[in-house]
Amino acid sequence: MSHQLLLSLLLLAPVLGFFINGFNFSSTKAIAVGTLGTLCSFISFICSLGLVLKLGGLPEDQRRLTVEFFNWLQVADLKIGFSFIVDQISAVMILIITGIGTLIHLFSVGYMSHDLRPAKYFAYLNLFLFNMLLLVLSDNLLLMFVGWEGVGLCSYLLIGFWFSDPAKASAGMKAFITNRIGDVGFLIGMFILFFQFGTLNFVEILSRLPAVAELGWTGPITLSCLALFIGATGKSAQIPLYVWLPDAMAGPTPVSALIHAATMVTAGVYMIVRLSGLFVLAPNVMMLIAVVGAATALFAALIGLTQWDIKKVLAYSTVSQLGYMFLAVGVGAFGGAMFHLMTHAFFKALMFLGSGSVIHAMHEEQDIRKMGGLAKKLPMTHATFLVGWLAIIGFPFLSGFFSKDEILWSVYASPNGHPLLWFIGVCGAGCTAFYMTRLMALTFWGKSRVPKEIHPHESPLVMTFPLIILAFFALTIGWVGVPHILASVLPGHIPNVFEHWLEPVVPKLSFIGKSSLLEWALMGISVSVAGLCAWLAFDFYIVHKERPKSFVLKMGKLYQFVSHKFYVDEFYKQRILDPLIEGSTALWAYVDVNFIDRLTYFIADFTVSAGAGLKSIQNGQTQQYALYILLGLVTTITWILVG
Amino acid sequence: MGSDIFEFSINGLKIIIIFMMMVQIVPLLVWVERRGSAYIQNRFGPNRVGPLGLTQLLADAVKFLTKEEFVPQGSYKFFFYLAPVVALIPAALAFGAIPLSIPIQVEAFTMMGRNWGPYTFPFQSFELGLGVVFVLGASSLAAYALLLAGYGSNNKYSLFGALRASAQTISYELSMGLSIVGVLLVYNTFNFTEMVAQQSGPLAFKFLGNDLLISWLPNWGIFYQPLGAILLFAAFFAETNRLPFDLPEAEGELVAGYHTEYGGFKMNMFYIGEYGHMLVASALMTTFFFGGYTLYPWLTPESLNQALSSFSPTQASLITAFSLHLVFLVKVLFFLWIFIHVRWTLPRFRYDQLMDLGWKTMLPWSLVNAIVTAVIIVLMRSHWS
Amino acid sequence: MQNIEAIGIGQNHYLILSAIIFSIGIMGVLFRKNIIMMLMSLELMLNAINLTFIAFGYFNGNLNGQIMVFFVMTLAAAEAAIGLAIAVMIYRKFNEVNIRYFEQMKG
Amino acid sequence: MSTFIISNLWFYVLALSLIFFAFKVVTSANPIHSALHLVLTMMGVAGLFFHLNAQFIAGVQVIVYAGAVMVLFVMVLMLFDLKHEFNAFAKGLVSGFLKLMSVALVVGYLVGVFLESGESKGVKASLTTSGDQTSTQLQVTRDLAQLLYTKYVLVFEVLGVLLLVVAIGAVAISRIQGGTHAKH
């Protein structure tokens with residue numbers, strides 16, 4: 001099977017799924033529709049596997065499969081082709097997308113079984129898959145932007161899936177608009193790049209890059225990177241534009257799992273990694289990215305401590321993990337960021353689906369204060385959730401440990417890293433450990449606070465099977481990218497396959513002059529901090545239940561401040577939205593009413609009066625006509641004689 | 001009008017004489033009419049005043065002159081007085097254009113110490129190249145007299161009479177014009193004298209290539225245009241509002257038509273106008289169809305010249321002119337008698353019959369006549385000439 | 001009446017005369033309110049035009065002028081007929097023959 | 001010499017009377033008066049034609065114009081019994097002045113153009129052969145007929161059709177029983 005055919009099939013399957021489901025929107029047979037959706041996503045998974053294997057077969061330096069379908073746009077020297085590229089980075093991404101996508105499709109067959117419009121749900125899901133693949137596989141920025149927008153659209157459609165509930169609908173709107181704001185940045189970045197390099201094709205841009213890095217803030221590369229980064233923050237929910245992600249939990253849980261944990265939010269990171277050659281030449285922007293990433297990580301983790309909704313907690317944890325990825329990218333550890341992206345995708349999707357099955361069991365109840373002691377009632381979900389929990393807090397030898405530790409070490413050690421950033425990272429890791437243990441304790445362990453009328457039951461196999469697979473990967477995926485320091489210690493030299501895989505495409509970080517002893521020390525510190533916080537949370541919520549209350553009293557206003565998400569939403573509303581609205585109403589009241597309306601009224605009145613004036617000419621009096629003829633004659637003659 | 005004083009004066013005298021001739025004929029015609037109608041209706045007619053009532057004419061003239069000058073109340077005086085005059089003018093003009101006889105040749109002679117060059121005096125008021133057109137023009141003006149009289153006398157009957165009369169004259173003018181076209185085609189000229197000249201010889205014409213000569217028949221127009229003659233004659237009746245067509249002044253319905261309010265001398269002028277038209281009509285008939293002032297076998301200009309060779313040329317031409325004039329007069333009187341005769345024998349047309357006759361029979365027939373004559377002439381001239 | 005050369009009377013005399021009559025005709029059309037009066041002044045204008053045609057024909061020595069007069073006359077007769085028919089209609093409807101009733105015919 | 005004076009006199013008399021009658025046509029309040037004045041103008045014009053060696057046209061003018069068209073006018077006028085019109089002239093000072101001004105301008109231009117276009121062509125028209133007057137008229141008429149039926153025969157036919165159409169049209173118009181309160 002040639003790679004062109006594979007790739008076209010890869011893209012075609014979700015589109016077909018979307019059209020077929022799309023045409024019978026109103027059908028309620030969840031099983032039939034669900035299986036169709038999952039089948040399509042599975043086909044694209046197989047194709048991506050085939051592609052990756054074919055890619056693997058190629059020699060080291062030519063690992064790139066390009067497919068040119070047709071020439072989409074040709075204006076002057078702007079030449080945009082509907083063409084795709086499969087290389088190391090996009091291979092990783094399509095594996096994650098289609099793999100996890102298929103599992104989530106399978107899970108949502110069960111989850112959406114008694115929903116009114118499953119066909120619509122699966123159609124949107126398939127469309128999302130198609131757009132994500134488009135984003136990831138495109139060989140130029142414009143086609144990526146098309147995917148970028150498509151993904152935004154699908155996230156809006158899926159968040160607001162139950163649009164009858166106004167809150168959910170407005171959440172969808174909020175997500176879409178914040179994304180759009182980010183996309184403006186992305187667009188401006190594209191314009192600057194085109195202006196500078198005359199092309200939007202990745203390969204061509206990277207080939208035309210100047211050798212020396214650009215200092216200062218006004219250079220074209222710096223500006224374009226800055227704009228692209230703003231687009232990334234919009235899409236991947238970083239500090240200024242993260243507000244939409246927590247509210248996006250209004251959508252069905254598998255959606256949150258797929259879109260708001262595994263794939264869409266990572267688009268920003270993927271874009272930066274794809275243009276890593278460009279970003280490296282703008283150190284200031286790299287520094288900015290690192291700072292923003294670290295800040296987001298800590299900030300979201302702090303908010304996560306105070307959340308009572310299970311999905312909100314996971315949402316904030318996603319934001320903070322993304323912060324870590326941006327931190328890694330900021331300091332130049334592109335490989336580490338990609339590795340953490342992959343591991344995070346697995347265990348975060350696992351935990352979201354777990355929370356999905358918990359909610360499913362608890363009949364749509366999401367408040368963890370009303371849960372507790374579910375371990376016995378949902379043994380399978382509890383087991384898989386346990387694995388996810390261990391992975392995320394960085395329990396040694398699990399996937400989370402490897403990737404997070406890699407990032408923390410590179411933050412400390414890399415030339416443009418900084419010990420302060422490392423310290424923030426460690427604090428973030430500590431908070432993560434605390435709120436994840438708090439979540440585990442409140443939902444699964446401890447005394448059951450489940451209200452009488454709800455008696456939770458284990459979800460069916462179709463939902464637990466994906467959980468098991470994800471749990472398996474959460475456990476094992478870490479070994480793909482074993483850091484060097486550990487590899488040397490452990491028996492049998494295990495090569496860092498992931499790094500080696502990405503090596504030709506991503507700029508290399510050099511940790512020269514940093515002793516391995518230092519690395520061991522840092523590793524030790526981060527693990528101990530995580531363990532301490534986990535025990536603390538265990539103690540708070542299981543052993544001494546009254547502790548949290550007293551702690552909250554002590555904290556008082558600070559706790560209120562944090563639990564209300566640092567009043568960011570309110571701040572945006574007062575400082576940005578309201579002035580905007582007032583300004584426009586003022587503009588309408590003053591300018592529109594006074595000037596523009598009056599102008600149009602004037603024109604209308606003028607024509608009417610002119611018409612009335614001219615009307616007298618055609619009043620049927622023949623003698624006047626005769627007079628006009630004569631006058632015409634006379635004027636022409638005088639004109640001729642005089643002229 | 002002549003180049004010197006003699007010719008000028010002779011011409012002026014001639015115009016007056018001819019006009020007076022026309023005016024004088026009217027009382028004669030009136031008398032003939034009254035006597036004739038009486039004879040037809042087996043009664044005596046005017047015989048009290050003078051032998052056979054001849055001086056009745058004088059009596060009438062005196063009556064007309066002494067009648068009261070009556071002008072109806074509320075009428076338009078100017079139109080009222082203008083109408084009779086306008087009635088008279090067209091007849092006089094038309095009659096003046098018709099040649100009454102051959103022109104008189106006068107050799108050069110000396111008188112009062114100057115010798116006057118030779119003259120030729122045409123035997124009519126004025127010699128016109130396009131005689132026919134002039135006559136038609138003049139007769140078409142007759143309609144105004146009727147209208148003015150009818151409108152001027154502020155009387156409904158007269159207005160209706162006037163409208164009917166003018167409608168009638170206009171519609172019959174059409175067929176009259178067209179039948180005259182037939183005549184013009186035959187003679188190929190507008191000039192009366194040429195027409196008469198063409199009719200002076202024996203009946204001779206080319207027919208399908210061979211020349212036919214009927215010596216005992218004069219070359220009159222009637223033989224070429226029989227249908228034209230009939231149509232023209234009928235049209236003339238209508239033009240002059242003579243009996244079969246005198247609906248406008250039908251006593252029964254419209255009292256006296258447009259000249260109800262007229263009396264006295266104005267009425268007399270209307271009579272002159274009417275009889276003038278009759279005179280013009282009959283003169284035209286004779287000129288077009290009956291050889292005008294020539295009488296082929298006996299009284300032709302050549303034969304007379306031989307007979308009068310003994311006289312001096314001027315006297316000879318004078319005598320021939322007058323004798324031919326007599327011939328012309330006899331013919332005209334014959335037609336006048338027919339007019340009068342028809343008046344007292346035929347009943348009057350109803351107005352719609354009148355109009356139908358005019359538009360639906362006379363007009364088509366005169367068209368046919370004109371077209372047929374044209375076709376024959378083209379055939380004769382082109383094929384065999 | 002000999003048609004010897006009309007020394008005194010040139011073409012301009014006729015043209016000026018017809019111009020005057022023509023303008024009188026226009027005045028008639030413009031000033032008179034009675035439809036038939038307008039038709040008459042129109043006839044007056046046409047007569048002036050005929051005069052110019054004949055004058056040009058005579059002084060340029062060809063007969064085209066007279067031919068044109070023929071056509072103008074037929075046209076004038078036709079136009080008068082229709083004009084009078086309309087005037088009769090107007091009179092029958094409004095009992096008055098005035099140009100302002102022409103407005104009724106619009107739209 | 002006499003004819004010379006007469007022909008000039010003839011022209012001036014006719015011209016002046018023409019202008020006078022034309023003026024009377026426009027200004028007389030009673031329509032019938034103006035109609036009759038128009039007849040007189042037409043006769044005057046016919047006289048001028050006569051002088052311009054277009055005798056046949058003069059005859060036709062009298063027959064057609066004076067004899068038929070004007071009779072039609074007079075008949076219609078009499079039918080309507082239009083008496084003295086009181087407001088015969090369109091009122092309105094400004095439009096009146098505008099009309100007068102424009103007419104005066106037109107006349108001014110025309111006369112100016114005529115006078116400017118070189119001396120009055122007194123040249124003897126080729127038509128007038130010296131022969132006696134009658135033959136020339138006949139000759140003119142024959143040439144006229146010749147021209148009419150060869151060069152302008154199409155126009156002649158078209159005019160025939162036009163007259164037919166007009167006749168039908170006039171009858172059709174006058175027979176319309178329509179109108180808002182038509183009874184049918």
Which one, C/Ala81, C/Ala78, C/Gly28, leads in non-hydrogen pairs under 4.5 Å with chain D?
C/Ala78

What part of D/Phe21 gets within 4.5 angstrom of chain C, counting heavy atoms only: side chain, backbone, both, or neither?
neither

Best-contacting candidate, C/Ile16, C/Leu46, C/Leu44, C/Val88, against chain D by heavy atom pairs under 4.5 angstrom:
C/Leu44

Heavy-atom contact with chain D under 4.5 Å, split by part of C/Asn95
neither

If you count heavy-atom pairs within less than 4.5 Å of chain D, which of C/Val29, C/Asn50, C/Ile20 leads?
C/Asn50

Proximity breakdown for C/Leu17 and chain D, heavy-atom pairs closer than 4.5 Å
side chain

Among C/Met37, C/Met73, C/Arg92, C/Glu79, single out the residue with the greatest number of heavy-atom pairs under 4.5 Å to chain D.
C/Met73

I'd like to know if the side chain of C/Asn34 and the backbone of C/Ile36 have a donor-acceptor N/O pair within less than 3.5 Å.
yes

Engaged part of C/Ile67 at the chain D interface, taking heavy atoms whose separation is under 4.5 Å:
both

So which of C/Gly25, C/Ala85, C/Ala80 has the largest heavy-atom pair count under 4.5 angstrom toward chain D?
C/Ala85

Is it the side chain or the backbone of D/Tyr65 that comes within 4.5 Å of chain C heavy atoms, both, or neither?
side chain

Result block: side-chain N/O donor-acceptor pairs under 3.5 angstrom for residues 146-172 of chain D, not counting sequence neighbours:
| unit_1 | atom_1 | unit_2 | atom_2 | d |
| --- | --- | --- | --- | --- |
| D/Thr150 | OG1 | D/Gln146 | O | 2.6 |
| D/Thr150 | OG1 | D/Leu147 | O | 3.2 |
| D/Tyr152 | OH | C/Asn64 | OD1 | 3.1 |

Among D/Leu100, D/Val106, D/Val64, residue most engaged with chain C (heavy-atom pairs, under 4.5 Å):
D/Leu100

Is the shortest heavy-atom distance from the side chain of D/Leu18 to the side chain of D/Leu48 under 4.5 Å?
yes

Proximity breakdown for C/Met40 and chain D, heavy-atom pairs closer than 4.5 Å
both

Partner chain C: residue of D/Val76, D/Val69, D/Leu144 with the largest heavy-atom pair count (under 4.5 Å)
D/Leu144

Do C/Phe22 and D/Val107 touch side chain to side chain, with heavy atoms closer than 4.5 Å?
no

Is there a donor-acceptor pair under 3.5 Å between the side chain of D/Gln55 and the backbone N or O of D/Phe50?
yes

Counting heavy-atom pairs under 4.5 Å to chain C, which of D/Ser102, D/Ala104, D/Ser174 comes out on top?
D/Ser174

C/Tyr91 versus chain D, heavy atoms under 4.5 Å apart: side chain, backbone, both or neither?
side chain

Side-chain polar contacts of residues 24-43 of chain D - donor-acceptor pairs under 3.5 angstrom, sequence neighbours left out - could you list them?
| unit_1 | atom_1 | unit_2 | atom_2 | d |
| --- | --- | --- | --- | --- |
| D/Thr27 | OG1 | D/Phe23 | O | 2.6 |
| D/Ser28 | OG | D/Lys24 | O | 3.1 |
| D/Ser28 | OG | D/Ser34 | N | 3.3 |
| D/Asn30 | OD1 | D/Ile32 | N | 3.0 |
| D/Ser34 | OG | D/Pro31 | O | 2.5 |
| D/Thr41 | OG1 | D/His37 | O | 2.5 |
| D/Thr41 | OG1 | D/Leu38 | O | 3.0 |

Is the closest side-chain heavy-atom distance between C/Tyr14 and C/Phe59 below 4.5 Å?
yes

We want to know whether C/Asn47 and C/Glu43 form a side-chain donor-acceptor pair, criterion being a heavy-atom distance below 3.5 angstrom.
no

Region of C/Leu51 that comes under 4.5 Å of a non-hydrogen atom in chain D:
both

Please examine the side chains of C/His13 and D/Phe11, heavy atoms only from C-beta on, and report whether any two atoms are closer than 4.5 Å.
yes

By a 4.5 Å heavy-atom criterion (distance strictly below it), what part of D/Ile19 contacts chain C: side chain, backbone, both, or neither?
both

